Every structure is written in structure tokens, then in C-alpha cells.
Amino acid sequence: MRAAYGVETVRTAERELMARLPEGALMQRAAAGLAAVCAGLLGRVYGSRVVLLVGSGDNGGDALYAGARLARRGAGVAAVLLDAGRAHRGGLAALRAAGGSVAGDATAALARADLVVDGITGIGGRGGLRDAAVPLARAARESGAVVVAVDLPSGTEADSGEVRGECVRADVTVTFGTYKPGLLVDPAREYAGAVRLIELGLDLGAVEADVEALQHADVAALLPAPGAGSDKYRRGVVGVVAGSKRYPGAAVLAVAGALRGGAGAVRYVGHGADAVIARFPEALVHAGPPSEAGRVQAWVIGPGLGEDAGGALGDVLASDVPVLVDADGLRPLEPEMVRGRDAPTLLTPHAGEAAALLGVSREEVEAGRLVAVRELAALYGATVLLKGSTTLVAPAGGTGAGFAARPVRVNPTGTPWLATAGSGDVLSGLAGALLAAGLGAMDAGSAAAYLHGLAGRLAAGGAPVGAMDVADALPGAWRGVVGRGRTAPGTPSGTV
Ligand SMILES: NC(=O)C1=CN([C@@H]2O[C@H](COP(=O)(O)OP(=O)(O)OC[C@H]3O[C@@H](n4cnc5c(N)ncnc54)[C@H](O)[C@@H]3O)[C@@H](O)[C@H]2O)[C@@H](O)CC1
Ligand SMILES: Nc1ncnc2c1ncn2[C@@H]1O[C@H](COP(=O)(O)OP(=O)(O)O)[C@@H](O)[C@H]1O
Ligand SMILES: [K+]
């Protein structure tokens, strides 16, 4: 599990550690790690040109001390100070002592740079870059130099992943002590590039993370495997209420996801029965209301249902088994239809559907995904999986302190190739099968998103794919997770 902690938690842990270490030791650890990453990126340090963008806090201090280390190895290091009177004094003295300088002309220095170190703001930055820093962020981006962000790309919000206005776009972010939520969640994640963690020795073992990301080994441990005593009922029967005369394909895709998710059997209810049977003769189909379709261990309702989702929705929500509500099933959904349920409910909106449920704009949801997913989980008292470029899963909750303390999961495996019609239907079926197998709603949602992302990558291989290709790649993704997860835990390449 990869964990990310918010600013207050990081500051508390840093204070506790600093009290046990000589003064400045932590900043030296950070600067040493930062300088080592920069040296690796430069290849040859001697003779290279490094520009430090230095804000007035400790983030700038890290940049200055790292710059001093590079200057001692023969790099030409120039610091651009945002506020000359407030730059970190010790760091500036160290840079000067090592032969570095303060740049007179920032634009000229940036134009010649091989590597730019962004030390404008870290966890102390608030509310987007201030005016004086904006042209520097732009010039860094346009310089063609490698940009290394210190702790966070300046201009991103550490706790929420929000980006307000101009922001430094980094090739690599060297973060200290722990990941911060903003490094894992879009839109900020996109600005961070590849993220490298430098351990500082913070003691966060007893603290609940704010955001966490499953890794191969975590998912491998969650996925069900049939045993000698298994039969189709014990493996879990999924009921799928999806598709309509207008959208029969959604039924096929949701059933495909459910079958590849390990369901012992799939009961399909709706107007897409002929299409479902033509593609999946193993499906059991039923024309009547869901409550008369026979026993299931979980329901999936919504993909491609069209306008008349209301009756069937009431029917499945009245059941005593887990229910996943997606797409058209979300439209008639009111909080009170979900809040009183004893069995888990998992809602899987994309940003537009989440916006409609919250009564805000889609842009607002996309700009503040963490806030939106937590709000929805509180409003509906349900687990919520918010789809998109970084899919998030928030635990069912109320508004109490206990709720706020539980981590939101972020999926690290996604790929933009998944943004294709019907791929969400596959995800619904897949997550429904995991619910039917007995996984809790958080685990079912996050393991499904993980496999779905991997399947998208496998199917795409760098070229466009359709939703059925993603479904067909699920067994390969499953095998990859189970096989690798037991021997060599790790994330797929290219993800944080
Ligand atoms: N506390 C510690 O023990 C350690 C802290 N470290 C570094 O210290 C950083 C935190 O330092 P600080 O608390 O001094 O905070 P920062 O250096 O992140 O930022 C605070 C400074 O930036 C200015 N500022 C705030 N918002 C701004 C904006 N939107 N645009 C431009 N300037 C803005 C403020 O006026 C303030 O001077 C971490 O991110 C990390 O890089 C590391 O050295 C590791 C050890
Ligand atoms: N930019 C993106 N990067 C990664 N994944 C994405 C992106 N956009 C969409 N996705 C994923 O693609 C799937 C689309 O689902 P959805 O929006 O429900 O579409 P549909 O209703 O057509 O199936 C979701 O799993 C979502 O997380
Ligand atoms: K920074």
C-alpha cells in the first residue's frame, strides 16, 4: 500500500523527529536526496548549468542546500530569489561558499539552464502561485531544461490535489518523508511528473493515511480464488440490471465484466437478453423485475438502462445484498434511498454524474476530486467510486470526525485509453462480481479499478481500444496481479 499524508500530519511528524535530531539535520537529508536525483538526471554534473527558483520558505532552503552540493561537484549554480530579503539564510550562505551565485537576470539564466530546481513553495504554499512567481514557472517550462520540483510542484495544493492558476510543470518531483495527496490525485498529479520519495525517517506508522494507493500485492491478497469446496453459488452470483432496447450493448459489457470478475454465475435482467445470450450463452436471463430473478449475492444496476431505471432501482435497493449503482441508475437516486440500507451500496459516477448528484458543475468536481468524492460518500452514506483520470474510492460515511479520518483510495493503474464508450460498464460488472464474492465495497471498488486500469493498458499497448477489448484483457490483468503479487510486489511502470 502506498500512503499519502496531509500537511498537518507531516508537520507534526517532522516536529517530533526534529526534536530528536541535531538542528538542520532533516533539511540536510532532504537536500542530499534532492541533489542525488538532480545529479542522476544531469549525468555529468561538472560543467552543467543549474538554476534554482527559491521562495522564501524551507522549500527554497532545500533547493539552496542541494544547489550547494551540486556546485561543489562542479556545476554552475545560480539562484533566482523571489524575495532576496527572506531567502533561507543558511542555504544561501552554503550556496555562496560552494561557488554558486545569485542570478541577476532570471530570464537569461533560465534560457541557458540544463536543469531547473523548483523551490518556490512546498507544503507551505497556499492558493496558487503569487504574481511574482508566475513568469518564473512559465519560463522554467519554456526553457527546455529538465524541471525538478522540490517536495511538490509549486502552485499545487498538497492536501487536495487542486491547481489554482499557474503552476510549475515538473519532469520529476522529489518529495520528502511521505507522498502528499496532491502527488497522487489529478489535476496536481499531472504536474508532478515522475515522483521520487526520499525517506526522512518520519514515524507515521500509527497514523491513518489521508489517501492510499493499492499495489499489486494488496490486490493479489484481495482477489478471490476458488477452492475445492467452491460451487457457483459460493463463488457469488451477480445480478446485472443493465441495457435497454436503445442500449443493449451496455448489458453485454456489464455481463462481460462480471464474468471476468470471477462470478460463479451472472443473472441478467432487462431488455438486452438476446444480445447477452448471443455473446455469453453462460448467462442466466430473466425478463421480470429483479426481485423475481432468483437469489444473487450482489446487484449491479444502471449501465445503459435509459430513462426507466426507477422501478428496478427501488427493487434492488430493497434487497439485503450489496448493490452497485452506476450510470442511469444514479439519475433517480436520492440519499434516503441508500442511507437506510443495511448491506453496502457502491456508487460509481463519472465527474458529470457526480456533479449532478451534488448539484454543482462538472468543472468543480474535476478541479476538486477528493473533496467531491468525500462529499458524495457523506451525503449518500455509501461508498463512492469517482471515475476519471485518477479514479478515487471514498469510504461510506457521515459527517463525523471518524469518517474524515478514513483514507480515500486512489487508483494508480489508469490510462487515458480507458476513456472509451462502455468501459465504465465493464468496470461495473467487474466490481459487482467482487462484491458478490464477498469483498467489502471499498475493496471491491478499488481492486476492480486496479484490474480495469491494468486491462486497459494491456489491451491498448499504445493503440486505441474498445470496451470489449478491455473486458477481454481482464484475465491477463488478473494473472499478472496474482502471479507478480505473490513474488515481486510493485506498481506497473509509469505509475506512481
Ligand atoms: N519541516 C521540515 O522539517 C522539513 C521541511 N522541508 C521543506 O520545507 C518545506 C515547507 O517549508 P515552509 O513551511 O517554510 O513552507 P514553503 O517553503 O513551502 O512555503 C512557504 C513560503 O512560501 C510563501 N508562499 C506561500 N504561498 C505562496 C504562493 N502561493 N506563491 C508564492 N509564495 C508563496 C510564503 O510566504 C512562505 O514564505 C517542505 O515542503 C519541504 O520542502 C524539508 O527541508 C524537510 C524537512
Ligand atoms: N483521462 C482518463 N484517464 C484514465 N481513465 C479514464 C480517463 N477518462 C475516463 N477514464 C476511465 O474510463 C472509464 C469510463 O467510464 P464511463 O465514464 O462510465 O464511460 P461509459 O459510461 O461510456 O462506460 C472509467 O473507468 C474512467 O475511470
Ligand atoms: K516546489
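Because the structure is a prediction, the values reported are computed rather than measured. Just so you know, ligand 1 is whichever comes first in the structure, and atom 1 is the first atom listed for that ligand.
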Nearest non-hydrogen contact to atom 18 (O) of ligand 1 from the set Gly122, Ala137, Ala133, Gly127 belongs to Gly122

Checking heavy atoms under 4.0 Å, the part of Thr415 that sits near ligand 2 is backbone

A student comparing Ala419, Gly422, Gly456 should find that the heavy atom closest to atom 9 (C) of ligand 2 comes from Ala419

_So for ligand 2, is Gly388 a polar contact partner (N or O within less than 3.5 Å, distance only)?_
yes

### Query
Hey, are Asp326 and Lys387 close enough for a salt bridge, meaning a charged N less than 4.0 Å from a carboxylate O?
yes

Lys/Arg N to Asp/Glu carboxylate O, Glu307 vs Arg331, below 4.0 Å: yes

Contact region, Ile123 to ligand 1, non-hydrogen atoms below 4.0 Å, reads both

Ligand 2 to Thr391, heavy atom cutoff 4.0 Å, flagged ligand atoms 27 (O)

Per-atom filter on ligand 1: closer than 4.0 angstrom to a heavy atom of Leu129 are 29 (N), 30 (N)

Given a cut-off of 3.4 Å, the protein N, O or S atoms lying below it from the K ion (ligand 3) are Asn59 OD1, Asp118 O, Asp118 OD2, Thr121 O, Val150 O, Leu152 O, Ser154 OG

Here the atoms of ligand 2 under 4.0 Å from any heavy atom belonging to Ala421 are 22 (O)

Here the atoms of ligand 2 under 4.0 Å from any heavy atom belonging to Asp425 are 23 (O)

Does any N or O atom in Asp326 lie less than 3.5 angstrom from one in ligand 2, N or O only? no

Taking only Lys NZ, Arg NE, NH1 and NH2, and the carboxylate oxygens of Asp or Glu, determine whether Arg362 and Glu366 approach each other closer than 4.0 Å. yes

Among Met18, Arg29, Glu157, the residue with a heavy atom nearest to atom 3 (O) of ligand 1 is Met18

Original post:
Without hydrogens or angle criteria, can the side chains of Thr175 and Asp151 be said to hold a donor-acceptor pair below 3.5 Å?
Top reply: yes

For Gly424 and ligand 2, does the shortest N/O to N/O distance drop below 3.5 Å?
yes

Judging by distance only, is a nitrogen or oxygen of Thr121 under 3.5 angstrom from one on ligand 1? no

Checklist entry - Under 3.5 Å between some N or O of ligand 2 and some N or O of Leu418? => result yes

the protein heavy atom lying closest to atom 35 (O) of ligand 1 turns out to be Arg130 NH1, 3.2 Å

Short version for His350: what comes under 4.0 Å of ligand 2, heavy atoms counted, is side chain

